[in-house]
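One structure is given here, and the rest of the page talks about it.
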Amino acid sequence: MQFTALYTPKLLAMKLTAILLLGACLTTSARTASQTITLKASRQPLEKVLQDITRQTGYEFLYHPGDVKQASPVTIEVSNLQLTQALDLIFRDQPLRYEISNRTIVVSPKVPVNQPLVTTGADLAPLVNIDVTITVLNTDGQPLEGATIINKQTSKAIGITGLQGRTVLKAIDPNVILEVSFTGYMSQEIKINNRGSLIVRLTVSTSELDEVQIGAYSKITKRFQTGNVTTVKGEDIAKQPVGNPLLALEGQVAGLFVTQNTGVAGGGVTVRIEGQNSIRNGNDPLYVIDGVPYSSQLVSTGMGGGILGNSGAANNGQTSGGVGSPLSYINPSDIDRIEVLKDADATAIYGSLAANGAILITTKRGKSGLTKIDINVQQGWEQVAHKLDMMNTQQYLSMRREAFRNDNLAIPSIVTTPTSTDYDINGLWDSTRNTDWQKVLIGNTGQYSNVNLGISGGNSLVQFNIGGTYHKENSVFPSDFSDQKLGAHFSVNSQSANKKFNMQLTGNYLADNNQLPTTDLTNVAIFTPPDAPPLYNTDGTVNWAPRPSGNASFSNPVALYLQTYQSKTNNLLCNSILSYHLLPELEVRSSFGYTHMQTNIIQELPFNSQRPENQASVGSIGQYAYNTAETWIIEPQISYKKNIKLGRLDVLIGATINQQGYNGQQFTGQGYVSNLVLGDINSAATVTKAGAYYYLYKYNAAFGRINFIRSDKYVFDFTLRQDVSSRFGPSAQKHNFGSGAIGWIFSQEKFVKNSKFLSFGKIRISYGTTGSDQVGDYSFLNLYAAPNGIGVPYQGAGGLAPRGLSNPYIAWEENKKLSTGLNLGFLKDRILLDINYSINSCSNQLLPLMLPAITGFGSINENFPATVQNTSLEFVLNTSNIKGKSFDWSTNVNLTMPRNKLVSFPNLSLASAAYSSTLVIGQPVSIIKAIHFLGVNPATGLYMAADIHGNPTFTPNGVTDKTVLINTLPTFYGGFGNKFTYKGFQLDLFFQFVKQIGYFNLFAPNSYYAGQFSSVASNQMTGVANSHWQKPGDIASFERYTTSFSIPPAFPPGDAGYADASYIRLKNLSFSYTLPAKWISGLHMENFRVYIQAQNLFTITKYKGLDPENQGVNSLPPLRVVTLGLQIGL
Amino acid sequence: MKLNNKFPSATVHFTPYSGIWVRSFILILAISVNGCKKMATVPPPITSISGDNVYQTDATAISVLTGLYSIMASTSNSGGSNGTGSVSFLCGLSADELTLFSGVSGTLASTAYYKNALVGNTTTSTGGEIWNKSYVFIYTCNDAISRISNSTALTPAVKQQLLGEAKFMRAFFYFYLTNLYGNVPLAISNDYTINSTLPRSSSTQVYQQIIADLKDAQNLLSVNYLDASLLKVTTEKVRPTKWAATALLARVYLYTNDPVDAETQASTIINNAAYSLATLNSVFKLNSSEAIWQLQPVVAGHNTEDGWTFILPSGGPNSSTNPVYLTSNILGAFEAADQRKVIGNWINSVTVTGTTYYYPFKYKSATLNASVSEYQMVLRLAEQYLIRAEASAQGGSRGISGAIADLNVIRSRAGLGATTATDKASLLTAIAHERQTELFTEWGDRWFDTKRTGTVDAVMNVAAIGKGITWNSYQQLYPIPLADIQKDPNLTQNTGY
């Protein structure tokens, strides 16, 4: 059967085993080699002997091939001799010398004896110039190719290290002082002192400016970065107890606005980089994990799972967006770093994929050195941080009674009127009960557990990193729901001995088992009347509080727990990069990426979760979905890096061949013998197909980049890309994108170079275009497909139905981005200030041309000559306030001031009335048009609104009277962090802040107005009772209570539903203590750290709803999480 | 860009390098991309067929019409034929046939239909449910008519039948649209550029199109019921035939005051030996002798969706699946001896805590996974007798006596004696009454009858008391959806809304 083929746990288990086995093998091979050697050689070439030593010890030799070829053959026989002793023997009669540096052995010519020995002294001039061989290594003993050697006297570059970090300076003044510099390392001055051979060890620069940032097919330090790129490091992600790495970015990055849409584990997260560019289509950034594009949206399963919330608007052409966030299937603790790419310079080389910016996730890599084991155990608790202040039974019933009085109605009685549905007051329910439903239904404390195991190590040729994770989050709902993840990660880097061939292999695997209720109970928890009956009968069964008829009077929320939604996802990401240096400057490489995500969903709707009166007719239902998403990508590239006299040139040419496929099927089963077998499709008496989905997306591109850095002063960066996407018809399939950027490091200019105050200064500007093909697959094709919901074929034959009106001419949305930046460093870079300003214009907006229903379908996609402009002013300040011997204090602040504006939309009012009701030229595209609310009429106690002329009315026109514009876009947002370290203690406090207007409707949070009643949910906030209209003449905020739906107002509260939703939140608190090394050295531990971490600890806000971030009352707010943890390094 | 000018030095330095490199890039890109274009072309998804191919084979072309009937019979069709979104349900609520359960939330559309309080001037408008669905079907018919006409690949017999079915269905949907909304836009093309700005055509023009389509359909459609291959005869009465077109045409002539033609068309059916009246409790059985056209249920485990909606469970009406029961109006309309109102025949009841709810019981199966014994009736013989009776009374060739004879055929099946009406006026009243009791909760017949006979205000003023509303005459037409008025500059709202 089809189902068994799709669901193959065996296969996945095999994959997992393979990954783990591979990891185990690598551990063995990378084990530290012994330091004694046994050699037997008779007139062997030196090179061969050295290779033998490498094999035995793992020590690497660095030498110039020419030098070694000239060496005499070696005859030696030693056994279990110390390495140094053996080397002494080997090199005794050679014209060469060796030097051990860390795990590298540098071999260089002995100083020729015939060279004049010159002593320093001015009186001995003129000196005889000599040839000097310089080898530049890092502190790990790795050679640094491309290090610049500058003659300090002349300030001229006189050499650049090549293969094996070596260069020979010909005929040089032996007394000259040299400066050796390499990007990312601290420059070092050396004196030759007449040595013919020098080894220079550079230590990594501590300046943030010299940290390498990973970009699109590139790496460059912040110093020479011409794009607007922000890095978030793995350590800052690890501090935050979150299940989705995106949540760790909240408030951390200027220009990046992240919204957690629900507190449910695995829930949706909306991510916007520098605003909303597309009016209707996808605005998601491109996610790239270890070089492989990753989906920004899960494909809709078409059933349930709504509790997970979406991740912003759908972008794959589906009628409804997928639920949850695909990034939930990436383990945050495997992440080494995240780069957020914002402007065209950083993203244009991704062409159409990154119109909305890009988020690059790099997972952890191994480092050469002793094998390290890292164990990290974390246990915590999570809960809803804030409840709404709802009426208690006394307040509630008094409101209800007053409503009946106001309407001149007698309070109904279930005895005299059995059909009365006012159960809360008609005597059916025990009106003396008082339950805080928020406490009962969303007030539980969930458990948060996380265990990580990491092993890493390697030598100079092979490095590895293996990690395993178990993560579990329980829900705050009062039932046994949980999200469990089991993950594995590995990364291997390998080089050939001559360093020409390089291989990198990365794999991430995560199995997620998310067990959820089908319904988010937040809404029910808030609005259920406080006198509603107990959830369970005394015998433990669900209490339906039956009416005299036997039908339920209570939509018992616990019945919803019986409806379960289990989503099992297996996510595999693999990437390998193979590269070969044809020439020292010329590298050919290709990356191969593959992702495979399989989701199996079982939704169980047992009959007893239905009201008793519906149980027979509805029956037990099992729903099954099987979805598979696969991506593969091949990206061959040629790169040419040459240090020429004028500067450093870096050229890249590459191509992308990418294919993404998705298919899914759904089935509904009915007629089960028992609710216990609802999870088994085979136990269903009838199985109905409930839909099939299939998407195939192909994408190819060719791209190129030139980066040129002149004199460490001017940086030029140009990119070009041509894209071909299957999402467009033949006439519009191809498109070119490109960008140009210039950076001027003016602090290298003489006039500031020696400033004590200003240590770094750069101005950068970039301009370029990117596009977006997030418009859904096949939308240009006129398609007929099988209609959904047909369980029994009509006349035994399949049907077809048109899927919509199609437009074969639809084309790309184009995004033009101008970005400027000023980067400053003060006081030896202890204060770093970045100011960025960008203007992004998105034109050729692809929108559904709204058509009347009489055309058959509501719309047809067309490119509109409409333009949306986003500007973003971003400030980032990093300061190292105190840098003492044992006490450090550093601060980081980021602030973004976004603006969004619909610049043009020709014939907005005429051509497309559908848009004129939501869009206003000159205003943000997210603007909300609302009725102006005038409060309560003192005479009648009814709500009034202003009509188009500003006159009060009880019956405003829902179209024409919307006179108020409400901008819900944040005015500014950002984060503010402080980090303190004192000896082994470290304290991090990170605040997130947002200034914005948000929706919270105190008047009718649940579409019922104050005092109006529905048998399902109608409780009101206590604030309503305090200020409602009671008698003519009252000046009140809330209208008179009523029992009737048909009494006005029949209009939404308009601008009164919006209020300040600004907030400052202690997003993260992390406090840790690392035990001093001497305490634990006896325990064979390298590291022992205990910590406490807290997320969303408190929020300062005027917002009256549950949470100003996800707003509304229908989904769980972001939870407060507090964890205790222990980290041990072995 | 303005800002560029601030960095003249940088630009100067750059220029000599850019030229060569950019040019060579473009060359390399151009070479590599030409191959890419072919690689980035995808075929239609395996779940779909490109519109150009659909009408190239018999099987796929037939599937479009089969698909249309499937959707009409499925629950996903929330406006039209089925369940709580059906014409029967919504018009029954609007008229005096159905009472809405008091527990139903006031925000639901069904409340607005019941209270005759449809809203046409706000974005949350109600009343467009049937409109929206019907025009999707009409687009499907228009697309089919246009593409089938142009297709040379289809078997001639199949092509003819499909064209007939598409024209018949287009007429069918326009019949309901014009009766529900009055003057409606007459989209008869698949070109959205034409359709999107259509004004409303007068009801007369719409009827002209309906009649033209039905006459074409009569000529095109098979006289036999066909299976899904359209090449074999079957006993399954679930595809339209020439007789379905004739039956609808008879009704249309009656509605357009053309008694002579109505009588002729109805006679064609009545005289067709293939059709005969069934006993009361077998009328709605699948392929009953009375059925002219039925819809096969397509929801797994269900018989008809009408049965599923109307038949009350033991707990009585509820707010979700079974929100309606019969009004006292309709219950009181039956004559004492009427077999149709005998409990267990066409009406059934459930008593819950002393309150008895009566519900339509024409369809008798609402048991999950029961074997399929009933099909959804669309056109049936009894209505043809009543059409002919009225047409004859209105001036048809068979005159008053013919009318009386036809009326008595229906009365007799219901266990009633011959009508006492003798003259035209009393006969028309008797026929109207008979239509009320024979065709209750079937396809909005009652709602349409009160409107076309001009009794709507009188009837609704009485019904308004039970509903607790005030009746306004304009409410006999549903409002045009506001969304369409906003999008189509030539579209106007019905008066009153």
Options [options], ranked by heavy-atom pairs under 4.5 Å with chain A, top entry:
options: B:V238, B:N142, B:T193, B:I194; answer: B:V238
options: B:D227, B:V352, B:D488, B:V64; answer: B:V64
options: B:T140, B:N190, B:L68; answer: B:T140
options: B:T355, B:V184, B:L177, B:N318; answer: B:N318
options: B:L368, B:T234, B:D191; answer: B:L368

At a 4.5 Å cut-off on heavy atoms, which part of [X] comes close to chain A: side chain, backbone, both, or neither?
X: B:A483; value: neither
X: B:P297; value: backbone
X: B:S196; value: both
X: B:L226; value: backbone
X: B:T197; value: neither

| said: Would A:R727 and A:Y778 count as a cation-pi pair here, with the cationic atom under 6.0 angstrom from the ring centre and within 45° of the axis? | reply: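 No.
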| task | Walk me through it: do A:Q722 and A:N736 pass the test side chain to side chain donor-acceptor pair (under 3.5 Å)? | result | CA-CA 4 Å; A:Q722 184 163 60; A:N736 298 326; 2.6 Å; yes
| said: Salt bridge or not between A:R705 and A:D717? Use side-chain N to carboxylate O under 4.0 Å. | reply: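 The answer is yes: the pair qualifies as a salt bridge.
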| task | Compute the centroid of each ring, for A:Y694 and then for A:Y662, and state whether the two points are separated by less than 6.0 Å. | result |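 No.
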| said: With rounding to the nearest 0.5 angstrom, report the CD1 to CG distance, B:I138 to B:L186. | reply: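 Result: 8.5 Å between the selected atoms.
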| query | What is the distance from atom NE2 of A:H735 to atom CG of A:D723, rounded to the nearest 0.5 Å? | reply |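 If I round to the nearest 0.5 Å, the distance is 8.5 Å.
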Side chain, backbone, both or neither: which part of [X] has a non-hydrogen atom closer than 4.5 Å to chain B?
X: A:L696; answer: both
X: A:P793; answer: backbone
X: A:I860; answer: side chain
X: A:L851; answer: both

| Of the listed residues (A:S806, A:G798, A:G740, A:A552), which shares the most heavy-atom pairs with chain B below a 4.5 Å separation? |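 The candidate making the most pairs under 4.5 Å is A:G798.
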| Do you know which of A:G791, A:A853, A:G738 has the most heavy-atom pairs under 4.5 Å to chain B? |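 Of the options given, most contacts go to A:A853.
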| task | Only counting residues at least two apart or in another chain, list the ones meeting salt bridge (charged side-chain N to carboxylate O under 4.0 Å, His left out) with B:R239. | result |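 B:R239 satisfies salt bridge (charged side-chain N to carboxylate O under 4.0 Å, His left out) with B:E165 once adjacent residues are dropped.
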| So B:Y181 and B:W131, would you call those rings parallel, tilted or perpendicular, with 30° and 60° as cut-offs? |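 It falls in the perpendicular class, over 60°.
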| Mind checking whether B:L65 and A:Y794 have side chains closer than 4.5 Å, heavy atoms only? |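 When only atoms from C-beta onward are counted, A:Y794 and B:L65 do not touch, as no gap falls below 4.5 Å.
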| Mind checking what makes ring pair (Phe, Tyr, Trp, His ring centres under 6.0 Å) contact with A:Y837, not counting sequence neighbours? |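 A:Y837 satisfies ring pair (Phe, Tyr, Trp, His ring centres under 6.0 Å) with no other residue.
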